[in-house]
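Before anything else, here's the structure in question.
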Amino acid sequence: MTSSASTVTAMRTDKIMAKVVRVNDVFDDPDGLLNFLFNRAPFNLIYGKGGYEKAGGAEPWFREHWITDGVVQVPGAENYLQNRKLIDAAKEAFDATVIRPYGMFWNLSGPMIAGRPHLDTSPYRGIDDTKWPFWLHVVIHNSQLFIPWAVPSTTGLILFYRGSIGGFEFWPNGPEAPSEQALPPFWNYGLVTDNEFMFHRPMAIGKAEDHILPGTFGAEAKLHRHPDGRQWQVIDDTGVRFEWQPETVRASLVWKAFTFKDQKAADIYDDHSDDLNYDIVWQVFGEDLKARGSSLRIPADPLNDREFRAKLLAEYPNPGLRYFEDARRGQAA
Ligand SMILES: [Fe+2]
């Protein structure tokens, strides 16, 4: 069918993944890093970005992109990308030799309920999110049918949070084995993981009575530095809605890197000699739908057939739905 079977040796599934490597004191100058971030306030909500909605409206989760697919969005961010400790941890986690960092973004979260157990969407050779529809990328990942084209990729999560409630839960031995938790306080503390194939979630932040439920403020709200420079304010169109002490907000930097086993694997990625394309995608889905006894068939114009898109997404839901009661409450976040 394709050349992928001969060029990719390690198959990955939602039960086989890299180990989690913990890293202390990730950055040499955490105060300088945080000052650089905080001076860029105000920050926008993540609400409204595809796949991040919880029912009921916006919640106190803000995001700042620094580097996306190797493109620097915030000049100066590149100084933090080639972090030696994260690169070494990624080599260890994935038993890889070629580590290529390509992304950084920040999450800033206020008191909120837990996220749902989920997988992040893996990169795949040949899928360019600026050209491919994102729903197709999601259903490709959900289906787990295209793992030979998945680009091994790591997520380094570097946490800064002096509050007492607001951990990270993960399932390093698969979704049916007990989870592990990393619990605060955290400062400059890293977890280098395989979030594309390891279920994980942010745990609730802050005490239950302080949680800000989805929809409490407007979708246009922003997280501002308080004029005193130490505190935070959430401001929407109606004014200042919340004021928070520094320890109320959990800052986490997400660092993404490709983790190639060897130079040959990196070369296959670079030279596009074994990329996915639409023909392969529809062929694989078509064969699997038949094999599973589905009556769904690939239509003449699958990219523009909205009914087909809905049915394909229903046929291959987020794998978390199979394992977690929580994940059935809505889309993963
Ligand atoms: Fe995630």
Neighbour count above 12 (heavy atom, 6.0 Å) for Asp288 CG: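 Count over threshold, so yes.
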Main-chain N/O of His224 paired with His226 side-chain donor or acceptor, under 3.5 Å: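 The answer is no, because no donor-acceptor pair under 3.5 Å joins these two groups.
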Parallel, tilted or perpendicular: rings of Phe197 and His141 (30°, 60°):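 Answer is perpendicular, since the angle exceeds 60°.
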Derivation and outcome, ring-ring contact (aromatic ring centres under 6.0 Å, His included), residues Trp61 and Phe43: CA-CA 10 Å; Trp61 179 4; Phe43 302 111; over 10 Å; no
Stepwise salt bridge (Lys or Arg N to Asp or Glu O under 4.0 Å) test for Asp270 and Arg100: CA-CA 12 Å; Asp270 289 335; Arg100 195 182 291 171; 2.9 Å; yes
For Pro30 against Asn188, the heavy-atom pair lying closest together: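 So the minimum-distance heavy-atom pair works out to CG-ND2, 3.6 Å.
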pair Met104-Leu81: side-chain heavy atoms closer than 4.5 Å: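 In short, these two side chains touch, coming nearer than 4.5 Å.
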Test item: Trp244 and Leu223 side chains (from C-beta on) under 4.5 Å apart, heavy atoms: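 The answer is yes, as the side chains (C-beta and beyond) meet within the 4.5 Å cut-off.
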Short side-chain to backbone donor-acceptor contact, Arg241 and Thr216, under 3.5 Å: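 Flag set: sc Arg241 to bb Thr216 pair under 3.5 Å.
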Test of ring centre spacing under 6.0 Å for Trp66 and Phe36: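 Yes, ring centres under 6.0 Å apart.
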Ring geometry between Phe308 and Trp135 (parallel below 30°, tilted from 30 to 60°, perpendicular above 60°):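 Trp135 vs Phe308 ring planes: perpendicular.
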Main-chain N/O of Asp274 paired to Arg125 side chain as donor or acceptor, under 3.5 Å: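 A pair under 3.5 Å: yes.
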Same apolar cluster (I L V M F W Y, side chains within < 4.5 Å links), Met112/Ile235: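 No.
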Trace of the side chain to side chain donor-acceptor pair (under 3.5 Å) decision for Asp279 with Gln283: CA-CA 6 Å; Asp279 288 344; Gln283 183 184 343; over 6 Å; no
Ser179 OG to Met203 CE distance, which is reported to the nearest 0.5 Å: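 The distance works out to 7.5 Å.
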Evaluation steps, side chain to side chain contact (heavy atoms under 4.5 Å, CB included), between Phe242 and Phe217: CA-CA 10 Å; Phe242 295 96; Phe217 45 66; 3.6 Å; yes
Criterion side chain to side chain contact (heavy atoms under 4.5 Å, CB included) on Thr154 and Trp255, from CA distance to verdict: CA-CA 8 Å; Thr154 189; Trp255 175 87; 3.9 Å; yes
Parallel, tilted or perpendicular, as decided by the 30° and 60° cut-offs, for the rings of Tyr80 and Phe27: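 Phe27 vs Tyr80 ring planes: perpendicular.
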Ring-ring centroid check Phe146 Tyr124, cutoff 6.0 Å: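 Ring centroids of Phe146 and Tyr124 are no less than 6.0 Å from each other.
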Main-chain N/O of Ala96 paired to Thr259 side chain as donor or acceptor, under 3.5 Å: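 Checked: no pair found.
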Val74 to His65 - nearest heavy-atom pair and separation: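 Looking at all heavy atoms of both residues, the shortest contact is CG2-O, 3.4 Å.
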Donor-acceptor contact below 3.5 Å, side chain Asp236 vs main chain Gly218: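 Checked: pair present.
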Separation of Tyr189 OH from Ile158 CD1 (nearest 0.5 Å):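 Answer for the CD1-OH pair, Ile158 versus Tyr189, is 12.0 Å.
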Close side-chain approach of Arg201 and Arg116, heavy atoms under 4.5 Å: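 No, every pair of side-chain atoms sits at 4.5 Å or beyond.
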Electrostatic pair Glu176:Arg322 at N-O distance under 4.0 angstrom: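 Salt bridge absent between Glu176 and Arg322.
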Between CD1 on residue Ile205 and OG1 on residue Thr248, distance to nearest 0.5 Å: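 If we round to the nearest 0.5 Å, Ile205:CD1 and Thr248:OG1 are 10.5 Å apart.
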Heavy-atom check, side chain of Trp106 versus side chain of Leu34, under 4.5 Å: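 Sidechains of Leu34 and Trp106: in contact.
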Flag, side chain of His211 to backbone of Leu213, donor-acceptor distance under 3.5 Å: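 No, His211 side chain to Leu213 backbone: no donor-acceptor pair under 3.5 Å.
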Working for side chain to side chain contact (heavy atoms under 4.5 Å, CB included), residues Lys222 and Glu220: CA-CA 7 Å; Lys222 288 184 168 54; Glu220 76 289 351; over 6 Å; no
Side chains of Phe186 and Phe160 in contact at under 4.5 Å (non-hydrogen atoms):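 Of all side-chain heavy-atom pairs linking Phe160 with Phe186, none is under 4.5 Å.
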Nearest-0.5 Å distance that lies between atom OG in Ser164 and atom CD in Glu247: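 Between Ser164 OG and Glu247 CD, I get 9.5 Å after rounding to 0.5 Å.
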Phe199 ring center near Phe170 ring center (under 6.0 Å):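 No, the ring centres sit 6.0 Å or more apart.
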Which atom of Ala41 lies closest to which atom of Arg225, heavy atoms considered: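 Looking at all heavy atoms of both residues, the closest pair is CB-CG, 3.8 Å.
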Check: Arg250 side chain, Ile165 main-chain N or O, donor-acceptor pair, under 3.5 Å: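 Flag not set: sc Arg250 to bb Ile165 has no pair under 3.5 Å.
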Donor-acceptor side-chain pairing of His118 and Asn195 below 3.5 angstrom: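 Side-chain D/A pair, His118 to Asn195: absent.
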Nearest-0.5 Å distance, CG of residue Leu136 to CG of residue Leu276: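 One finds 9.0 Å between CG of Leu136 and CG of Leu276.
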Qualifying side chain to side chain donor-acceptor pair (under 3.5 Å) pairs, either residue in residues 295-309, two or more places apart: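 Matches after skipping sequence neighbours: Asp301-Asn304, Glu307-Lys311.
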Verify same cluster id: Leu191, Leu183 (apolar side-chain graph, 4.5 Å):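 They do not share one cluster, since no chain of ILVMFWY contacts under 4.5 Å joins Leu191 to Leu183.
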Any donor-acceptor N/O pair, Asn83 side chain to Val26 backbone, under 3.5 Å: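 Flag set: sc Asn83 to bb Val26 pair under 3.5 Å.
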Exam field: side chain Glu196 to backbone Leu119, donor-acceptor pair closer than 3.5 Å: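 Side chain of Glu196 to backbone of Leu119: no pair is present.
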Pairwise side-chain contact, Val234 with Phe62, heavy-atom cut-off 4.5 Å (strictly under):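 Answer yes - side chains close enough.
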Modelled atom types, side-chain donor and acceptor of Ser109 and Asn107, under 3.5 Å: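 No, no side-chain donor-acceptor contact under 3.5 Å.
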Transitive ILVMFWY side-chain link Leu145 to Val139, under 4.5 Å: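 Per the 4.5 Å side-chain linkage, Leu145 and Val139 are co-clustered.
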Heavy-atom check, side chain of Arg162 versus side chain of Pro246, under 4.5 Å: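 SC-SC contact between Arg162 and Pro246 ruled out.
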Phe285-Tyr316 aromatic ring centre distance below 6.0 Å: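 Yes - the distance between ring centres of Phe285 and Tyr316 falls below the 6.0 Å cut-off.
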SB check Glu180 Arg22 (cutoff 4.0 Å):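 Arg22 and Glu180: salt-bridged.
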Taking every non-hydrogen atom, the tightest pair across Pro123 and His137: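 Nearest pair, atom of Pro123 first, then His137: CA-NE2, 4.3 Å.
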Side-chain touch Trp132/Ile140, heavy atoms, less than 4.5 angstrom: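 Heavy-atom side-chain distance check passes, below 4.5 Å.
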Under 3.5 Å, which donor-acceptor pairs do the side chains of residues 85-95 form with other protein atoms, sequence neighbours left out?
{"from": "Lys85", "atom 1": "NZ", "to": "Asn24", "atom 2": "O", "distance (Å)": "3.2"}
{"from": "Lys85", "atom 1": "NZ", "to": "Asp25", "atom 2": "O", "distance (Å)": "2.9"}
{"from": "Asp88", "atom 1": "OD1", "to": "Arg84", "atom 2": "NH1", "distance (Å)": "3.4"}

Joint hydrophobic cluster, Trp282 plus Ile280, side-chain heavy atoms closer than 4.5 Å: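 In one cluster with Trp282: Ile280, yes.
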Any donor-acceptor N or O pair under 3.5 Å, side chains Ser153, Lys256: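 The criterion, which ignores hydrogens and geometry beyond distance, is not satisfied for Lys256 and Ser153.
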Under 3.5 Å side-chain donor-acceptor pair for Glu243 and Gln231: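 Absent: no donor and acceptor within the cut-off.
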Val151 vs Tyr269, side chain to side chain contact (heavy atoms under 4.5 Å, CB included): CA-CA, chis, key distance, verdict: CA-CA 8 Å; Val151 187; Tyr269 174 80; 3.9 Å; yes
Same cluster (ILVMFWY, side-chain, under 4.5 Å), Leu289 and Leu303: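 As far as the 4.5 Å side-chain criterion goes, Leu303 and Leu289 are connected within one cluster.
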Ring centroid separation Tyr323 to Trp171 under 6.0 Å: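 Tyr323 vs Trp171: aromatic centres not under 6.0 Å.
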